[in-house]
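Step one of this worksheet: look at the structure below.
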Amino acid sequence: MAEKVLVTGGAGYIGSHCVVELIEAGYEPVVVDNFSNAVRGQGDVPESIRRIEKLLDTSIEFHDLDLLDRPGLEKLFKKHSFSAVMHFAGLKAVGESVEQPLRYYRVNLTGSINLLEVMQAHRVHNLVFSSSATVYGDPQHLPIDEQHPVGGCTNPYGKTKYFIEEMIKDHCKAEKDWNAVLLRYFNPIGAHSSGLIGEDPQGIPNNLLPYVAQVAIGRRKCLSVFGNDYDTTDGTGVRDYIHVVDLAKGHIAALKKLKNSCGCKVYNLGTGQGYSVFQMVKAVEKASGREVSIRRVLFLSEVNCRIRVCVAFSVSN
């Protein structure tokens with residue numbers, strides 16, 4: 001009988017790709033999502049889940065559930081015997097978190113506390129947490145490895161990821177039968193090879209690639225590039241991008257790691273190869289055969305520049 005894995009935020013960009021990999025690896029995912037970053041399909045099922053069902057010729061149990069709904073979460077855990085939880089759910093826009101910090105702390109922290117407490121009550125002690133490289137803050141050395149100091153986060157979103165990591169670490173120390181893998185990754189891009197699922201942000205994209213793609217297809221007029229004097233080959237910011245399917249496979253590897261009674265482990269997921277804003281634009285132009293209109297924006301202060309870069313592209317996920 002297939003192991004049941006609860007996937008929170010499983011209808012979103014990264015979560016949906018992990019659902020595909022879970023099914024292909026022989027697991028039975030149960031998906032919960034509150035549609036904060038997912039499109040409703042037929043019958044109140046997320047479009048991403050509907051497409052996965054079509055792609056893999058299967059059915060997926062889905063619940064429209066917010067992690068702030070503690071009674072709803074309790075009811076779900078009473079219904080199922082989960083072997084593990086993959087936790088993706090949460091607000092994730094860097095710029096928005098600067099503008100609405102209390103909302104980010106309430107949703108991300110309270111939702112995660114509810115999840116951990118309900119897991120503990122129902123003896124589900126295996127967790128894969130989809131964290132973020134934002135926990136590292138401004139790099140003190142490059143490349144960033146798992147020994148890099150954490151906690152110097154530059155925005156509330158990153159702080160919520162750091163605080164959740166600390167909660168999980170402390171709980172694993174207190175409860176020796178708990179196992180958790182914390183995955184810190186940089187900038188996920190791309191889509192499933194079928195083309196049926198991918199990244200389609202609601203509203204203005206907070207990440208570079210979907211914004212560039214929307215400019216390429218004419219949905220947006222131009223791409224604003226903030227700053228031109230970075231110490232890079234073309235003066236624009238460089239980031240580490242990882243294909244979303246590779247990222248999803250990394251989450252499956254983490255799930256398997258839990259079986260070794262691993263305690264609490266931390267891993268970075270990335271390629272180790274950085275690409276600049278202009279290199280990403282050129283790659284999209286080559287792939288699409290369309291020109292991407294660019295507008296340069298310069299700043300008078302470093303602080304203003306940092307905030308605007310976060311708003312436009314999101315430093316990492």
Side-chain angles (χ1 to χ4, degrees), residues 13-14 17-18 87-88 90-95 97-98 104 108 127-170 172 180-190 206-209 226-227 229-254 257 262-280 283 302-303 305-317:
Y13 174 45
I14 301 169
H17 285 82
C18 282
H87 183 26
F88 297 94
L91 301 175
K92 68 181 189 67
V94 170
S97 77
V98 175
Y104 269 68
N108 291 4
L127 174 67
V128 176
F129 176 51
S130 198
S131 189
S132 168
T134 54
V135 300
Y136 293 117
D138 290 330
Q140 296 184 20
H141 61 77
L142 293 172
I144 295 175
D145 57 21
E146 289 86 349
Q147 284 68 51
H148 188 287
V150 295
C153 310
T154 59
N155 55 76
Y157 163 70
K159 290 177 183 177
T160 65
K161 288 291 189 179
Y162 170 65
F163 294 154
I164 295 168
E165 281 195 6
E166 291 298 293
M167 288 192 296
I168 294 170
K169 289 178 182 178
D170 288 342
C172 286
V181 176
L182 315 179
L183 297 178
R184 300 169 180 164
Y185 50 91
F186 297 83
N187 296 269
I189 60 172
N206 292 289
N207 300 85
L208 175 61
L209 192 61
F226 301 107
D229 58 354
Y230 290 93
D231 185 19
T232 61
T233 56
D234 56 26
T236 63
V238 170
R239 298 182 181 91
D240 185 314
Y241 297 91
I242 180 172
H243 196 282
V244 67
V245 174
D246 292 332
L247 182 61
K249 291 181 182 296
H251 282 71
I252 303 302
K257 180 71 174 178
C262 62
C264 188
K265 298 293 185 183
V266 176
Y267 299 102
N268 286 350
L269 294 179
T271 65
Q273 173 65 51
Y275 296 93
S276 73
V277 173
F278 284 164
Q279 286 175 321
M280 294 298 291
E302 180 182 353
V303 173
C305 177
R306 178 179 296 172
I307 293 175
R308 294 287 290 278
V309 168
C310 288
V311 171
F313 303 137
S314 178
V315 173
S316 61
N317 279 305

- With sequence neighbours left out, the residues meeting salt bridge (Lys or Arg N to Asp or Glu O under 4.0 Å) with Lys257 are none

- Query: Can you name the residues that form a side chain to side chain contact (heavy atoms under 4.5 Å, CB included) with Phe163, not counting sequence neighbours?
  - Reply: Tyr105, Leu109, Lys159

- Message: Is the ring pair Tyr136/His148 parallel, tilted or perpendicular, if the boundaries are 30 and 60 degrees?
- Response: perpendicular

- What distance separates Asn108 CG from Leu91 CG, expressed to the nearest 0.5 Å? 5.0 Å

- Item | Set of residues satisfying side chain to side chain contact (heavy atoms under 4.5 Å, CB included) with respect to Val238, sequence neighbours excluded | Thr232, Ser276

- Heavy atoms from other residues, nucleotides or ligands near NZ of Lys249 exceed 12 (cutoff 6.0 Å): no

- Can you list the residues that meet the salt bridge (Lys or Arg N to Asp or Glu O under 4.0 Å) rule with Glu146, with sequence neighbours excluded? none

- Backbone N/O of Gly95 and side chain of Asn155: donor-acceptor pair under 3.5 Å: no

- Mind running side-chain contact (heavy atoms from CB on, under 4.5 Å) on Leu247 and Ile14 for me, showing each step along the way? CA-CA 8 Å; Leu247 182 61; Ile14 301 169; 3.8 Å; yes

- Message: Applying side chain to side chain contact (heavy atoms under 4.5 Å, CB included), can you list everything that pairs with Cys172, at least two apart in sequence or on another chain?
- Response: Ile168, Trp178, Ala180, Cys264

- Task: Give, for atom OG of Ser131 and atom CD of Glu165, the distance between the pair rounded to the nearest 0.5 Å.
- Result: 3.5 Å

- Message: With rounding to the nearest 0.5 angstrom, report the OG to NE2 distance, Ser130 to His251.
- Response: 3.0 Å

- Step-by-step side-chain contact (heavy atoms from CB on, under 4.5 Å) determination, Val135 to Arg184: CA-CA 8 Å; Val135 300; Arg184 300 169 180 164; 3.6 Å; yes

- Task: Taking all non-hydrogen atoms of both residues into account, name the closest pair between Ala93 and Tyr104 and its distance.
- Result: N-OH, 2.9 Å

- Kindly compute the distance separating OG1 (Thr134) from NZ (Lys92), expressed to the nearest 0.5 Å. 12.0 Å

- Message: Just to verify, what does Asp231 make a side chain to side chain contact (heavy atoms under 4.5 Å, CB included) with, not counting sequence neighbours?
- Response: none

- Message: Counting C-beta onward and ignoring hydrogens, is there a side-chain heavy-atom pair between Tyr241 and Pro188 closer than 4.5 Å?
- Response: no

- Reported SG-to-CZ distance for the pair Cys18 and Phe88, which is rounded to 0.5 angstrom: 3.5 Å

- Message: I want to check something: taking the side chain as every heavy atom from C-beta on, are Leu208 and Val277 in contact at a cut-off of under 4.5 Å?
- Response: yes

- Query: If you take all heavy atoms of Gly274 and Gln279, which pair is closest and at what distance?
  - Reply: O-OE1, 4.3 Å

- Message: Under the criterion side-chain contact (heavy atoms from CB on, under 4.5 Å), I'd like the reasoning laid out for His243 against Thr271: C-alpha separation, chi angles, the key distance, then a yes or no.
- Response: CA-CA 9 Å; His243 196 282; Thr271 65; over 6 Å; no

- Heavy-atom nearest pair, Gly270 first then Phe186, reads CA-CD1, 4.4 Å

- Determine whether Ile189 and Ile242 make a side-chain contact, defined as any pair of heavy atoms from C-beta on separated by less than 4.5 Å. no

- Note on the structure: Heavy-atom closest pair (Tyr13 atom, Gly190 atom, distance to 0.1 Å) is OH-O, 2.7 Å

- Which distance, rounded to the nearest 0.5 Å, do you find between the CG of Leu269 and the CG of Leu183? 5.0 Å

- How are the rings of Phe129 and His87 set relative to one another: parallel (under 30°), tilted (30 to 60°) or perpendicular (over 60°)? tilted

- Query: Does any N or O in the side chain of Asn207 come within less than 3.5 Å of the main-chain N or O of Leu209, such that one atom is a donor and the other an acceptor?
  - Reply: no

- Query: Minimum heavy-atom separation for Thr236 to Tyr230, with atom names?
  - Reply: C-CD1, 3.8 Å

- Show your working on side-chain contact (heavy atoms from CB on, under 4.5 Å) between Asp240 and Tyr275 and close with a plain yes or no. CA-CA 6 Å; Asp240 185 314; Tyr275 296 93; over 6 Å; no

